[in-house]
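Letters go in sequence order (proteins before strands), and every chain restarts at 1.
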2 protein chains.
Amino acid sequence: VSGLKFLEYRFFVRDLSIEFYIGIIVVIFTGLGIWVGLKFTRKKIVFVGPEFVLDVSTLERLEISKREYEVLELIAKGLSNQEIADKLFVSLNTIKTHSSNLFLKLEVSRRTQAVQKAKDLRLIP
Amino acid sequence: VSGLKFLEYRFFVRDLSIEFYIGIIVVIFTGLGIWVGLKFTRKKIVFVGPEFVLDVSTLERLEISKREYEVLELIAKGLSNQEIADKLFVSLNTIKTHSSNLFLKLEVSRRTQAVQKAKDLRLIP
DNA sequence: ATTTAAATCATCCTTTTGGGTGATCCGTTT
DNA sequence: AAACGGATCACCCAAAAGGATGATTTAAAT
């Protein structure tokens, strides 16, 4: 306040009220507090594992059915057609049909390519 | 200040200086500023792509040769043995030998499993 | 009621892949 | 010089995968 009064004395002629000085002080120290708060806060670093978000729109665009998607997932896990058939309780032929249709829709000709492309398209993690 | 003086009047008998009140105000509003600064700071979120680091020790432990590793990479890209042979300018039989040895070392029996396991072992991204 | 899409299974045939074995060549190590 | 690991290739056989086509059933949509 003394400093402010001194400044007032030097540069102005008006006599300012004590409330005015207090207002200025409030503003200045609130600002200081904000600055300190920002300055000494550790930046909160959040490591985000690349959260997989299924691209449903692509799934729909390619008209991939639920069953085909199941087969795709199991193919991606490295299972053979026979193993997939056993796991889904259907015949090997059925799985071959599903995978064939899947390859057509994904525009690939091998299961390894299907896995690659499906990952690129965010259909599987 | 008026509020403070009122409080002083109510609960204390001493006559406190204006500097004292200003000190209190400074402390209060600096604290307020700090609070605001912390409250409205967005947490800094850093997305960390899962930086792939090749696990050389595993590669050496499994005694996977350079050529075999090359084949592994191309298998992971979805190439057929014939395509790999063309790309590396060797015969199909050579690739079959390499992939067979690779499967032995990775303890798998299919290329899709090899890709899966190689990823788990951090041999490929 | 008819159409449609999904899921199921089959048959036939071809290509790809995997497993086993053996052989040659070439550097490096012993 | 001999041994060794690596890279290369061949041949054989069996299993797996892929492509094409057709058929049946069922549930949902029109």
Heavy atoms, side chains only, cut-off 4.5 Å: are E83(B) and R110(A) in contact? yes

Return the value, rounded to whole Å, for the distance between atom CG of L104(B) and atom C1' of dG18(C). 10 Å

Of the options dT8(C), dG18(D), dA7(C), whose atoms approach the side-chain atoms of F103(A) most closely? dG18(D)

Provide, to the nearest angstrom, the distance between the CG atom belonging to L88(B) and the P atom belonging to dA7(D). 12 Å

With a 4.5 Å limit on heavy-atom distance, are the side chains of L106(B) and L123(B) in contact? yes

In plain terms, say whether E68(A) and K105(A) are close enough for a salt bridge, that is, a side-chain N and a carboxylate O under 4.0 Å apart. yes

Distance in angstrom units between I95(A) CD1 and dG18(D) C1', rounded: 14 Å

If only side-chain N and O atoms of T97(A) are considered, is one of them under 4.0 Å from the OP1 or OP2 phosphate oxygen of dT8(C)? no

Could you tell me the separation between the CD atom of E63(A) and the P atom of dA5(C), rounded to a whole number of Å? 8 Å

N or O in side chain of S99(B) less than 4.0 angstrom from dT17(C) OP1/OP2: no

For H98(B) and dT8(D), is the shortest distance between a side-chain N/O and OP1 or OP2 below 4.0 Å? yes

Atom CD of Q82(A) to atom C1' of dA17(D): distance rounded to whole Å? 12 Å

Heavy-atom nearest nucleotide on DNA chain D for S80(A) versus F89(B): which residue maps closer to 5'? F89(B)

side-chain hydrogen bond (donor to acceptor under 3.5 Å, both in side chains) evaluation trace for T94(B) with S91(B): CA-CA 5 Å; T94(B) 301; S91(B) 85; 3.2 Å; yes

Whole Å only: how far is the CG atom of N101(B) from the C1' atom of dG19(C)? 11 Å

Position toward the 5' end of DNA chain C (nearest nucleotide), K105(A) or K96(A): K105(A)

Below 4.0 angstrom from OP1 or OP2 of dT8(C), is there any side-chain N or O of S91(A)? no

Whole angstrom is fine here: how far is it from CD1 in I64(A) over to P in dA7(C)? 12 Å

Atom CG of N93(A) and atom C1' of dT21(D): how far apart are they, to the nearest Å? 13 Å

Looking at dA7(C), dA10(D), dG18(C), which one has an atom nearest to any side-chain atom of R111(B)? dG18(C)

Per V90(A) side chain, nearest of listed nucleotides dT8(C), dA6(C), dC9(D): dT8(C)

Has N81(A) got a side-chain N or O lying under 4.0 Å from the OP1 or OP2 atom of dA16(D)? no

Identify which nucleotide among dT8(D), dT16(C), dT8(C) has an atom closest to any side-chain atom of R67(B), counting heavy atoms from C-beta outward. dT8(D)

Nearest 0.5 angstrom please: T30(B) OG1 to I25(B) CD1, how far? 11.0 Å

Output the single nucleotide from dG19(D), dT8(C), dA10(C) whose closest atom is nearest the side chain of T94(A). dT8(C)

